Amino acid sequence: PQLEAPDGTWVQDTSEIIDFVEAAHPERPVVPDPARSPRQCLAAYLIELLADEWVLVPAFWQRWYYSEDGREPSHRAFNEQQWGAVVAAGMPGSMRRAAGADLFETMFGISTARSDPKGTYAGLVHLGVDEKTEHAWQASQHRLLQRLEAHFGVHDYVLGGQPSLADFALLGPLYAHLYRDAVPGFALRIWFPLVAEWVERTNGEGALNARWYGQKLYSLDPDSGALVGRPATSDGGEWLPGDAIPDTLRPVLAIFFEEMWPVLRDAAAVLTDFIASGQHDRDASLPFKSFYSPAQFRELQSKGGALSHEFEIGGVRENRMVSAYQVWMLCRLSDAMDFSSVRTELDAFLAGIPGGPEILELPQRLEGCRLRKQFEQLY
């Protein structure tokens, strides 16, 4: 996604767009203040990373798994119509669907996706999704949804009664790839109805039974008979006071540290070694895609390349590319928070989460791979 500001400035990618809008409109932030609410701020950034770069993987896989030849149930016809509405806008319905079907074959090679992956399927392979790991990825997604279902049974948003960066990040994969797609959307509604309700509430679409931020509920004042409004969302329509982290959110954060953090930690080390090795011209850009490897970096990011590494998901080991974009997101988090000044507050918060305290050493871990982003390029 891209944003053009009134002065002609262009901003690319949701993280930078949110940062840009936050600076322009500080009166209603979506990121908690890192000095006054360091625990909530850290939680928001960690869930943004989890949603943008980890949950996206099984979400993308489900879209295309249920579009492959011979799948039952299948939402391939639905996807053909959806994509055809973009590539053949204004054409009759049958032509739109035919255009979508042609796109799937020419760009994605959908008929030979397993034997000769390209496009989206190649992107999944680059991120470690194949027949050996795909069910472990799906189990990871179900585990997260179970924990979010428990959380949204108590709180309307991630940090309480007001949406935050964490909600908007989760909305990306959970709305577009689960709620909107036919097969996973059906599963979401029947197995995780509170997550589905949260999608409607956060997206502000089709929210027939979902409270949303800013909505009021009214009751009669017993003395005057006047209508008295109150926030419709939980927790008084605010983030929890005192920089509190909901007890139901801790199991969600544990998934980040159990599954994603070891991968990020290792990827940062591999990227550091690559930068120091002399294989890279420091003035040249680094791989900038988070989903698939661009052609100029494909050899480096393929299995056995200098920018690939082994990882584990659900007890299964596989290879995946090192994503410099994910390391940039870690740099962004490190820059946003002064860990040394809020160490006491974060120590107690992270102590009960296995692996959690390691995030406090993030500035030191990134010393050899500090990255800057210039539009879509990373340096």
Side-chain angles (χ1 to χ4, degrees), residues 13-16 18-19 21-23 26 28-56 144 147-148 151-152 154-155 157-172 202 235 238-265 267-268 325-367 369-371:
D13 294 326
T14 51
S15 295
E16 283 205 307
I18 287 176
D19 291 347
V21 175
E22 282 281 272
R28 186 173 295 192
V30 300
V31 181
D33 185 292
R36 293 184 299 172
S37 302
R39 286 174 290 200
Q40 291 182 346
C41 182
L42 179 61
Y45 277 118
L46 294 181
I47 291 177
E48 181 197 31
L49 246 171
L50 183 72
D52 279 6
E53 301 293 322
W54 195 253
V55 180
L56 182 68
L144 175 67
R147 297 184 183 191
L148 287 175
H151 175 75
F152 293 132
V154 181
H155 304 281
Y157 295 102
V158 171
L159 296 177
Q162 176 182 334
S164 69
L165 172 68
D167 293 279
F168 299 130
L170 283 168
L171 191 65
T202 307
D235 308 295
E238 304 286 347
W239 294 328
L240 294 188
D243 193 27
I245 297 295
D247 290 339
T248 48
L249 189 63
R250 291 175 182 272
V252 176
L253 291 167
I255 291 178
F256 171 85
F257 285 105
E258 291 168 20
E259 295 186 5
M260 190 181 190
W261 171 243
V263 177
L264 292 172
R265 185 182 58 203
Y325 183 82
Q326 294 171 8
V327 177
W328 171 80
M329 289 190 75
L330 286 175
C331 292
R332 172 172 163 268
L333 164 58
S334 182
D335 291 340
M337 300 196 66
D338 182 0
F339 288 110
S340 61
S341 66
V342 293
R343 183 82 187 223
T344 302
E345 293 92 327
L346 293 179
D347 273 337
F349 161 45
L350 295 168
I353 303 176
E358 291 184 11
I359 202 73
L360 299 177
E361 310 303 328
L362 188 58
Q364 291 86 347
R365 291 183 181 275
L366 296 173
E367 283 180 357
C369 57
R370 297 290 309 181
L371 304 181

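Predicted model, so just to flag it, every value in this text is computed and none were measured. The first residue of the sequence shown is numbered 1, and numbering continues consecutively from there.
- Interatomic distance, Arg332 CZ to Glu16 CD, rounded to the nearest 0.5 Å: 8.0 Å.
- Note on residues 326-349: pairs passing ring pair (Phe, Tyr, Trp, His ring centres under 6.0 Å), not counting sequence neighbours, are Tyr325-Trp328.
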Taking it one step at a time, do Val31 and Cys41 satisfy side chain to side chain contact (heavy atoms under 4.5 Å, CB included)?
CA-CA 6 Å; Val31 181; Cys41 182; 4.1 Å; yes
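- Side chains of Thr248 and Phe152 form no contact here, defined as non-hydrogen atoms less than 4.5 Å apart.
- Two residues are said to be in side-chain contact when any heavy atoms from C-beta on lie closer than 4.5 Å; Leu170 and Leu50 fail this criterion.
- Contacts classified as salt bridge (charged side-chain N to carboxylate O under 4.0 Å, His left out) and involving residues 238-255 (residues at least two apart or in different chains) are given here: Arg39-Asp243.
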Please walk me through it: do Ser37 and Trp239 pass side chain to side chain contact (heavy atoms under 4.5 Å, CB included)?
CA-CA 10 Å; Ser37 302; Trp239 294 328; over 6 Å; no
Between Val21 and Val30, is a side chain to side chain contact (heavy atoms under 4.5 Å, CB included) present by the stated rule, with each step listed?
CA-CA 10 Å; Val21 175; Val30 300; over 6 Å; no
Assess the residue pair Glu358 and Arg365 against the criterion (salt bridge (Lys or Arg N to Asp or Glu O under 4.0 Å)); give the C-alpha distance rounded to whole Å, side-chain angles, the decisive distance to 0.1 Å, and a yes or no.
CA-CA 10 Å; Glu358 291 184 11; Arg365 291 183 181 275; 3.8 Å; yes
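- Using a 4.5 Å cut-off on side-chain heavy atoms (C-beta onward), Leu240 and His155 make contact.
- Leu360 approaches Arg343 most closely through the heavy-atom pair CD1-NE, 3.4 Å.
- One distance of note links OG of Ser334 with CD1 of Ile359; it measures 9.0 Å at 0.5 Å rounding.
- Atoms CE and CG, from Met337 and Leu346 in turn, are 5.0 Å apart once rounded to the nearest 0.5 Å.
- Of all non-hydrogen atoms in Glu48 and Ser15, the two that sit nearest each other are OE2-OG, 2.7 Å.
- The nearest pair of heavy atoms linking Glu22 to Arg28 is OE2-O, 4.0 Å.
- Closest non-hydrogen pair, Asp167 versus Gln162, comes out as OD2-O, 4.2 Å.
- Between Val252 and Leu144, some side-chain heavy-atom pair lies under the 4.5 Å cut-off.
- With Ile47 as reference, Leu249 is the one residue of Leu249, Ile255, Leu165 to meet the side-chain contact (heavy atoms from CB on, under 4.5 Å) rule.
- Distance check: Phe168 CZ to Leu171 CG gives 8.0 Å after rounding to the nearest 0.5 Å.
- Counting heavy atoms from C-beta on, the side chains of Pro357 and Asp347 never come closer than 4.5 Å.
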Decide side chain to side chain contact (heavy atoms under 4.5 Å, CB included) for Leu350 and Phe257; before the verdict, give the C-alpha distance in whole Å, the side-chain angles of both, and the deciding distance to 0.1 Å.
CA-CA 10 Å; Leu350 295 168; Phe257 285 105; 4.2 Å; yes
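- In this structure, CG on Leu362 lies 9.5 Å from CG on Asp335, to the nearest 0.5 angstrom.
- Closest non-hydrogen pair, Val158 versus Pro246, comes out as O-CG, 3.7 Å.
- Leu264 has its side chain within reach of Phe256: a pair of non-hydrogen atoms, C-beta onward, lies under 4.5 Å apart.
- Residue Leu371 comes nearest to Cys331 through the heavy atom pair N-SG, 3.6 Å, listed as atom of the first residue, atom of the second, then distance.
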